[in-house]
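Beneath this line is the structure, given in structure tokens, with notes to follow.
Here the structure is a predicted model, which is why all the values come from computation and not from measurement.
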Amino acid sequence: MFNRFLQRYGKKEKAILQALIASLFITGMLAFWRQFGTTLEFLELYSRDWMFQFKKDAAPDSRVLIVGITEKDIQTYGYPIPDKTIAELLTTLNQANPQTIGLDIIRDVPLGGGQAEQAQLINVLQRQPSTFVVCRVGTEVDPGYPPPPEISKYQVGISNLPVDTGGIIRRGLLGVVPPPLPDRDPTDLCQDPDEPLFSLGFQTAQQYLANAGIATEITAREEIKFGDVIIPPLVPTSGGYLQADTGGYQVLLQFPLGSQGPQQVSLTEALSKDIDQDLIQDRIIFIGYVAESVKDIYSTPFNSRRPKNLPMPGVVIHAQLASQILGHVLDGQPLPWFLPDWAEILWIWVWAFAGGLIAAFIRHPLMITASTLVMLGLGGGIALASFALGGWVILATPILAYGFTLTGVTLIDRYSQPVSKQIKEFLKIDIDIDQAKVKAQVKEIEESEAFETIKQASKRLREKRHSSSTTPETIHQSKTPAAENGLPADSNQPADSNETENSDTSQGLAGEAAPSSNSEETSNPPNGADNYFDQLRQQGSQLRHRKNNRNQASADPDAD
């Protein structure tokens with residue numbers, strides 16, 4: 001039916017229409033798949049991870065420094081690091097005049113020397129309002145943990161990190177409102193559903209910007225604005241995401257510090273008097289564990305496809321988010337951007353239509369392969385260019401659309417007509433065989449003795465009927481009394497007997513062919529006519545029986 005519909009167009013128009021119809025069908029199928037499946041999201045996420053393999057590690061951000069607690073530091077100071085050591089570290093760093101400090105270490109209970117050392121740590125934190133501590137917002141399955149006691153809510157940053165399927169960090173959290181929990185602790189700031197909380201990376205970045213005279217505010221559309229810069233929040237369908245949990249205020253991480261992160265010094269180095277003060281002055285200082293034994297490490301796009309890149313510590317991810325905010329606001333780095341849903345569907349259709357046109361106009365397999373390689377290079381180049389400019393143009397789904405349409409049009413154009421032709425030829429042969437059987441059966445019937453007898457009898461009946469209709473009185477007078485009474489004619493009168501028999505036979509045949517209610521002779525034919533009719537009936541019955549046998553034999557394939 002599809003090919004018959006296309007036959008009304010010319011060759012070029014037929015090819016274009018064929019590609020158009022196939023591309024629309026494939027695009028609709030993929031659009032439906034995007035609504036109900038996670039496979040396409042998985043492919044798009046990993047295609048973006050692939051782009052990070054081409055991202056060169058930028059020069060370390062001179063505005064950020066990490067004091068990383070290494071395995072050697074743990075051997076020296078123990079685990080967890082005592083409150084007294086943390087207090088000493090904060091005091092030493094603060095003497096070098098950093099812009100702000102982010103402490104990514106849990107301090108909700110006394111560690112080390114008991115209440116006295118905890119009180120010492122809290123006293124240091126209260127005297128350093130630009131130092132931020134962490135808590136974790138709880139859920140129904142994760143109770144989280146509170147911040148250190150007696151700390152202002154303005155010095156608290158949450159440590160929660162949105163994790164994609166597979167344990168990979170691709171998003172950053174700026175702020176969130178804690179969910180209401182049935183058994184929440186009313187004294188825990190991170191469990192108050194009426195109080196919005198901000199992440200450690202956000203808190204340190206906005207403090208740095210505030211020191212530079214750049215205010216942070218919430219717009220009427222509930223967007224976070226740093227000066228004149230608004231970082232757009234993620235929605236469930238941003239970029240390659242299709243069903244993302246984008247609760248709170250999340251942004252797409254661009255990892256501006258690369259796979260290695262910012263410059264680091266160890267805890268031991270930071271506590272020594274020999275450390276260069278310029279590494280600390282006017283910087284954002286993050287303090288946290290980088291030792292693998294602590295298990296505060298996460299997979300990122302850098303190591304999702306390149307195993308040699310080690311997972312990234314949580315403190316480094318907080319530093320990445322802070323550096324990204326500063327880059328957008330102070331350096332004019334491109335903001336994350338995405339195509340709207342309708343534009344993504346259009347982009348998918350463009351690729352599907354291109355695959356259909358290539359299949360319709362190019363016949364040689366090598367040329368099709370070369371064209372496909374060109375398309376893949378073009379698509380990858382567009383995706384990488386948009387990635388470098390901060391955008392996310394989907395890649396995997398358009399490639400699937402191209403491949404599906406290319407394959408579908410190729411199958412329809414190359415193989416549908418030959419297959420249809422073979423089917424028609426097979427059906428035509430089958431019809432010819434049936435017609436030959438019918439002709440053979442008809443010829444056999446026509447050559448049979450019974451058919452010849454019926455044909456001659458029919459001829460005589462027509463002649464007698466014609467003679468009876470022209471001279472009825474003569475025929476009636478020629479009857480003898482014996483014939484009228486149904487008795488055999490006298491053998492001494494052969495001529496009259498024969499004439500009477502023929503006459504009565506004609507009357508009987510005529511009466512059987514067209515009975516007459518007014519003719520007594522027709523309703524009671526002579527005995528000779530009855531015998532004749534019995535013979536005709538028997539021959540007709542035999543003919544029908546033979547014909548039925550032939551039909552059964554031809555219908556049964558095992559009989560041939």
Side-chain angles (χ1 to χ4, degrees), residues 1-48 50-51 236-243 337-387 391-421:
M1 180 184 296
F2 183 67
N3 287 328
R4 193 162 56 243
F5 171 75
L6 294 175
Q7 286 177 355
R8 69 184 66 180
Y9 299 98
K11 185 176 181 180
K12 180 182 294 186
E13 291 79 4
K14 173 184 175 181
I16 296 175
L17 186 60
Q18 200 173 42
L20 176 62
I21 295 175
S23 64
L24 291 175
F25 174 78
I26 295 298
T27 302
M29 180 187 71
L30 291 175
F32 179 81
W33 192 2
R34 280 163 57 93
Q35 301 299 318
F36 301 97
T38 57
T39 304
L40 294 178
E41 179 180 282
F42 172 83
L43 295 175
E44 292 296 348
L45 291 177
Y46 273 85
S47 67
R48 185 173 184 269
W50 165 78
M51 299 178 199
T237 57
S238 294
Y241 284 109
L242 300 177
Q243 299 176 355
W337 57 271
F338 319 96
L339 295 177
D341 291 343
W342 65 266
E344 288 185 344
I345 298 298
L346 180 62
W347 181 236
I348 294 171
W349 173 79
V350 168
W351 276 75
F353 189 49
L357 290 178
I358 289 175
F361 286 98
I362 300 178
R363 297 280 178 171
H364 200 284
L366 291 179
M367 293 299 297
I368 293 178
T369 302
S371 301
T372 300
L373 293 177
V374 171
M375 289 296 299
L376 292 177
L378 179 63
I382 293 175
L384 286 172
S386 64
F387 176 77
W392 186 359
V393 175
I394 58 175
L395 177 62
T397 307
I399 290 177
L400 287 178
Y402 172 85
F404 288 159
T405 312
L406 177 70
T407 304
V409 173
T410 299
L411 292 176
I412 293 174
D413 188 55
R414 309 295 196 275
Y415 301 105
S416 63
Q417 292 183 355
V419 171
S420 176
K421 184 178 180 180

Considering all heavy atoms, the nearest G239-I394 contact
O-CG2, 3.7 Å
Residues 352-374 vs salt bridge (Lys or Arg N to Asp or Glu O under 4.0 Å), sequence neighbours excluded, gives R363-D413
Atom pair CD (E13) and CD (Q18), whose distance is rounded to the nearest 0.5 Å:
13.0 Å
Side chain of E41, backbone of L242: donor and acceptor closer than 3.5 Å?
yes
Working note: T372 + Y402, criterion side-chain contact (heavy atoms from CB on, under 4.5 Å); need CA distance, chi angles, decisive distance, verdict.
CA-CA 9 Å; T372 300; Y402 172 85; 2.9 Å; yes
To the nearest 0.5 Å, what is the distance between CD1 (I16) and OG (S23)?
11.5 Å
So for atom CE, which belongs to M29, do other residues, nucleotides or ligands contribute more than 12 heavy atoms lying within a distance under 6.0 Å?
yes
Sorted by chain and residue number, the side-chain hydrogen bond (donor to acceptor under 3.5 Å, both in side chains) partners of W347 (sequence neighbours excluded) come out as none
Apply side chain to side chain contact (heavy atoms under 4.5 Å, CB included) to A383 and list each qualifying residue two or more places apart in sequence or on a separate chain.
M51, L395
ring-ring contact (aromatic ring centres under 6.0 Å, His included) pairs, two or more places apart, involving residues 12-39:
F32-F36
Can you find a heavy atom in the side chain of L400 that is under 4.5 Å from one in the side chain of L43?
yes
How long is the gap from CE on M375 to CD1 on I368, to the nearest 0.5 Å?
13.5 Å
Determine the minimum heavy-atom distance between L30 and I348, stating which atoms define it.
CD1-CG2, 4.0 Å
Is there side-chain contact between I26 and W349, with at least one heavy-atom pair below 4.5 Å?
no
Go through the side-chain N and O atoms of E44 and T397 and say whether any donor and acceptor fall under 3.5 Å apart.
yes
For T237, the side chain to side chain contact (heavy atoms under 4.5 Å, CB included) test, sequence neighbours excluded, returns V235, D341
side-chain hydrogen bond (donor to acceptor under 3.5 Å, both in side chains) partners for E344, two or more places apart:
R34
Using the ring pair (Phe, Tyr, Trp, His ring centres under 6.0 Å) criterion, which residues pair with F387? Sequence neighbours excluded.
F52
I'd like to check the side-chain hydrogen bond (donor to acceptor under 3.5 Å, both in side chains) partners of S371; sequence neighbours left out, ordered by chain and number.
none
Kindly write out the residues that satisfy ring pair (Phe, Tyr, Trp, His ring centres under 6.0 Å) with F361, not counting sequence neighbours, or none if the list is empty.
none
So Y46 and W50, side-chain contact (heavy atoms from CB on, under 4.5 Å) or not? Walk me through it.
CA-CA 6 Å; Y46 273 85; W50 165 78; over 6 Å; no
Results of side-chain hydrogen bond (donor to acceptor under 3.5 Å, both in side chains) for T405 - residues two or more places apart only:
none
Would F353 and L24 satisfy side-chain contact (heavy atoms from CB on, under 4.5 Å), going step by step from the backbone distance to the final call?
CA-CA 8 Å; F353 189 49; L24 291 175; over 6 Å; no
Sequence neighbours excluded, which residues qualify as side chain to side chain contact (heavy atoms under 4.5 Å, CB included) partners of A343?
L339, P340
Test side-chain contact (heavy atoms from CB on, under 4.5 Å) on W351 and L406 and set out the steps.
CA-CA 10 Å; W351 276 75; L406 177 70; over 6 Å; no
So, using side chain to side chain contact (heavy atoms under 4.5 Å, CB included) as the criterion, who are the partners of A360 when residues are at least two apart?
A15, V409
